[in-house]
A.B. asks: 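Submitted below is the structure of interest, expressed as structure tokens.
Numbering of ligands and ligand atoms starts at 1, following listing order. Owing to the predicted nature of the structure, the values given are computational and were not obtained by experimental measurement.
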Amino acid sequence: MTKFIYAAAAALLAGPAFADGHAASGDAAAGEEQFNRQCVACHIVADADGNVLAGRNARTGPNLYALAGRTLGSVEDFRYGDSIVELGEMGTVWTEENFVGYVQDPTGWLRETLDNNRARGKMAYRVRQEEEAINIYAYLATFGAEEAEGEAESN
Ligand code: HEC
């Protein structure tokens, strides 16, 4: 009986621990390097006041500020494709899992997630390795979360 309880507890813990483990195992410093190499041609990270925190001045893709937990396709004034907006309207937010799937194959991930073979993404880029994607997510997660409260007033 005791053994069974331990096993059940371990199984319960394993789920969240695995998910968190990914977030924790993401190396933000390595992610920064990858971001500067792979993403800045199309993306910036800029706060609500317009201060560019990462990248240069690219506008091909949406601003990736405060991405963690953000609704898909929700940057105002950015002209997204229909599929990513559709998912956002269904309440989907950026988590590590969604991000890692998306950046490795934007259109493929949108098709699978929407269960629609005609879905399309406008992001014409793929991250080659899952580990790079995890690290980039860890890096992007450093923007916005802490500042969010302090900035709430200025909005
Ligand atoms: C060639 C240009 C290009 C490159 C390079 C690129 N992206 Fe994108 N990205 C886009 C475009 C365009 C979109 C909008 C997609 C849509 O509307 O379907 C986008 C959307 C996104 C989104 C969705 C954001 C939201 O507001 O929901 C994420 C996340 C993202 N890109 C991450 C990345 C990361 C990380 C990299 C680097 C590994 C990267 N992108 C490289 C063009 C690019």
A.B. asks: Spell out, as yes or no, whether a donor-acceptor pair under 3.5 Å connects the side chain of T107 to the backbone of G121.
C.D. replies: yes
A.B. asks: Count the heavy atoms belonging to other residues, nucleotides or ligands that lie under 6.0 Å from CG of N51, then report whether that count exceeds 12.
C.D. replies: yes
A.B. asks: What residues come within 4.0 Å of ligand 1, counting heavy atoms only?
C.D. replies: Q38, C39, C42, H43, T60, G61, P62, L64, L67, R70, L72, G73, F78, Y80, G81, I84, W94, F99, Y102, V103, G121, K122, M123, Y125, V127, I136
A.B. asks: What pairs of residues pass the salt bridge (charged side-chain N to carboxylate O under 4.0 Å, His left out) test when at least one of them lies in residues 60-86, not counting sequence neighbours?
C.D. replies: none
A.B. asks: Take atom CD of E131 as the centre, draw a 6.0 Å sphere, and report whether it contains more than 12 heavy atoms from other residues, nucleotides or ligands.
C.D. replies: no
A.B. asks: For side chain to side chain contact (heavy atoms under 4.5 Å, CB included), just list the numbers for L64 and F35, CA-CA rounded to whole Å, side-chain angles, deciding distance to a tenth of an Å, and then say yes or no.
C.D. replies: CA-CA 11 Å; L64 297 179; F35 182 83; 3.9 Å; yes
A.B. asks: E132 and Q38: side-chain donor and acceptor closer than 3.5 Å?
C.D. replies: yes
